[in-house]
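Before any comments, here is the structure.
Numbered from 1 within each chain, the chains take letters A, B, ... in sequence-line order.
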Amino acid sequence: MPELPDVEGFRRTLERHAAGRSVRGVQVADRALLRNSTPQALGRAIGGRRLRRSERHGKWIVAPVGDVSLLFHFGMTGLFDWAEPGVERHRHDRLVLAFSGGELRYRNMRRFGGVWVVRDEGERRSVTGPLGPDANAVRRDDLERLIAERRGGVKAALMDQRLIAGLGNLLVDEILWRARVHPRADLRRLSRAKRDALYEALRQTLRTSIRRGRVPPARGWLTGVRDEPGARCPRCGAGLRKATVAGRTACWCPRCQRARP
DNA sequence: TTGCATGTTCCGGA
DNA sequence: GTCCGGAACATGCA
């Protein structure tokens with residue numbers, strides 16, 4: 001699930017239940033997901049220390065505890081689950097942090113992503129790599145500048161975390177569909193009107209998705225129909241098209257989104 | 001059994 | 001140097 005809206009939901013789970021509380025125990029069920037540390041070192045670093053306010057940048061969560069920060073990435077199948085003591089664990093819970101009153105469980109079926117321990121901003125950067133501004137903090141003039149400095153296809157650009165952090169496959173398709181821009185459209189040939197539409201679609205799509213904690217598969221959304229066989233455009237009824245663009249399955253409406261390179 | 005999945009990284013080639 | 005497509009990573013499901 002995890003794109004920016006999902007990860008923001010995970011961050012809220014962390015804040016609501018665990019922020020300000022002390023770590024009472026650490027259990028590592030899958031050492032491979034603890035990417036740059038060991039269960040012993042993690043326990044020494046955060047055991048008994050208080051979890052402070054966490055931040056999200058793109059699809060990353062940064063959780064400061066004691067003298068270190070935990071970095072969480074959720075890959076394609078990760079999530080946070082808060083559970084009361086004694087509630088049976090899920091088979092894909094890879095890391096569990098126990099607090100008073102409950103446990104934070106880092107679950108991840110496919111084992112992409114993971115958990116890192118970093119001591120400072122430099123280490124954090126070396127783990128996440130260079131990230132553009134968070135997609136939810138991008139302003140109209142930021143987008144204008146980012147587009148001006150980049151060439152190539154619009155979908156590849158929006159998916160690039162170095163340019164804008166947080167957008168994934170579903171979000172980008174949704175944004176392009178709303179803005180009526182073809183996923184392969186050449187960035188340098190996007191009109192001012194299309195760039196405006198892109199920004200508006202970005203804002204609206206993110207606003208609603210963050211509120212819902214996911215890209216909602218709702219009526220009137222591309223995400224609501226894209227996986228149905230014979231899916232049709234919720235706006236005009238044309239049959240939706242699918243193809244690989246920028247390495248991912250893109251879904252678009254051939255009637256609404258015409259701008260071809 | 002095969003193909004596909006909401007993510008990232010690495011490689012070769014244009 | 002940029003950008004793109006493809007493969008790899010790991011696991012489950014239709």
Side-chain angles (χ1 to χ4, degrees), chain A residues 1-10 29-36 56-61 71-80 90-95 106-116 124-132 134-135 146-177 182-190 202 205-206 208-210 212-218 221-231 242-252 260-261:
Chain A
M1 301 173 147
E3 297 184 60
L4 187 157
D6 311 82
V7 178
E8 178 58 21
F10 305 155
D30 185 350
R31 297 175 70 117
L33 272 282
L34 186 55
R35 299 291 183 181
N36 69 345
R56 180 193 54 73
H57 190 142
K59 301 169 191 172
W60 290 87
I61 285 178
L71 254 50
F72 293 93
H73 197 284
F74 299 87
M76 290 175 87
T77 55
L79 56 82
F80 275 159
H90 189 280
R91 59 189 294 218
H92 297 132
D93 288 341
R94 311 290 182 179
L95 179 78
Y106 171 79
R107 188 170 303 160
N108 195 331
M109 177 184 77
R110 273 169 74 187
R111 304 170 81 214
F112 293 165
V115 183
W116 288 257
R124 172 184 163 178
R125 227 187 106 88
S126 75
V127 170
T128 66
L131 295 174
D134 185 79
L146 294 169
I147 286 179
E149 291 169 355
R150 169 95 179 198
R151 43 199 173 83
V154 65
K155 173 156 184 170
L158 293 177
M159 299 258 303
D160 188 341
Q161 304 298 299
R162 297 169 302 182
L163 204 70
I164 298 175
L167 304 181
N169 196 39
L170 292 188
L171 270 175
V172 168
D173 280 359
E174 192 69 48
I175 290 165
L176 291 170
W177 175 73
H182 193 286
R184 278 198 264 257
D186 184 343
L187 271 184
R188 299 192 152 174
R189 298 176 60 186
L190 283 181
L202 173 80
T205 306
L206 273 181
T208 308
S209 298
I210 287 173
R212 305 279 292 273
R214 63 190 296 197
V215 189
W221 287 59
L222 183 70
T223 305
V225 299
R226 62 177 294 158
D227 292 329
E228 294 172 0
K242 281 191 179 179
T244 298
V245 179
R248 312 305 306 257
T249 300
C251 177
W252 73 94
R260 289 301 306 273

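Nucleic acid contact class of A:G129 (heavy atoms, under 4.0 Å, all strands): none. The residue A:R91 sits close only to the backbone: its heavy atoms come under 4.0 Å of sugar-phosphate atoms, none of a base. Among the protein residues, A:A246 comes within range of the sugar-phosphate backbone only, with heavy atoms under 4.0 Å from sugar or phosphate atoms but none that close to a base. A:R248 comes within 4.0 angstrom of a base, heavy atoms only. Among the protein residues, A:T249 comes within range of the sugar-phosphate backbone only, with heavy atoms under 4.0 Å from sugar or phosphate atoms but none that close to a base. Nucleic acid contact for A:G75: sugar-phosphate only, since backbone atoms but no base atoms lie under 4.0 Å from a heavy atom of the residue.
The CZ-C1' distance, from A:R212 to B:dT6, rounds to 16 Å in whole Å. Spacing between atom CD1 of A:I61 and atom C1' of B:dG7 amounts to 15 Å, rounded to whole angstrom units. One atom, CG of A:D160, and another, P of B:dT8, lie 10 Å apart when rounded to the nearest Å. The distance from atom CZ of A:F74 to atom C1' of B:dG7 is 13 Å, rounded to the nearest whole Å. Remark: P of C:dG1 and CD of A:E149 are 17 Å apart, rounded to the nearest angstrom. Taking atom CE of residue A:M76 and atom P of nucleotide B:dT9, one finds them 14 Å apart after rounding to whole Å. In this entry the distance linking CG of A:L163 with P of C:dC3 reads 8 Å, nearest Å. When rounded to the nearest whole Å, the span between CZ of A:R107 and C1' of B:dG7 equals 19 Å.
In this structure, A:R35 places its CZ atom where more than 12 heavy-atom neighbours from other residues, nucleotides or ligands lie under 6.0 Å away.
With a cut-off of 3.5 Å on both pairing distances, the Watson-Crick or G-U wobble partner of B:dA5 is C:dT11.
For C:dG12, one of the phosphate oxygens OP1 or OP2 lies less than 4.0 angstrom from a side-chain nitrogen or oxygen of A:H92. Contact check, A:K59 against B:dT8: a side-chain N or O comes under 4.0 Å of OP1 or OP2. Proximity of A:H73 to the phosphate of B:dT8: a side-chain N or O atom is located under 4.0 Å from OP1 or OP2.
Nearest to the side chain of A:R151, among C:dG5, B:dG7, C:dG1, sits C:dG1. Comparing C:dC4, C:dA10, B:dG7 by their closest approach to the side chain of A:R150 singles out C:dC4.
At least one donor-acceptor pair under 3.5 Å links the side chain of A:Q161 to the backbone N or O of A:L167. The main-chain N or O of A:G78 is never found under 3.5 Å from a side-chain atom of A:Y106 such that the two would form a donor-acceptor pair.
One donor-acceptor pair, N or O on each side, does fall under 3.5 Å between the base of C:dA10 and the side chain of A:R110.
Both geometric conditions, a ring-centre gap below 5.5 Å and a plane tilt below 30°, are not fulfilled together for A:F112 over the base of B:dT8.
With rounding to the nearest 0.5 Å, the separation of CG in A:N108 from NE2 in A:H92 is 9.0 Å.
One P atom belongs to B:dT8, the other to C:dG1, and the distance between them is 24 Å to the nearest Å.
Under a 4.0 Å N-O distance rule, the pair A:K155/A:D173 qualifies as a salt bridge. Salt bridge absent: A:D186 and A:R188 never bring a charged side-chain N and a carboxylate O closer than 4.0 Å.
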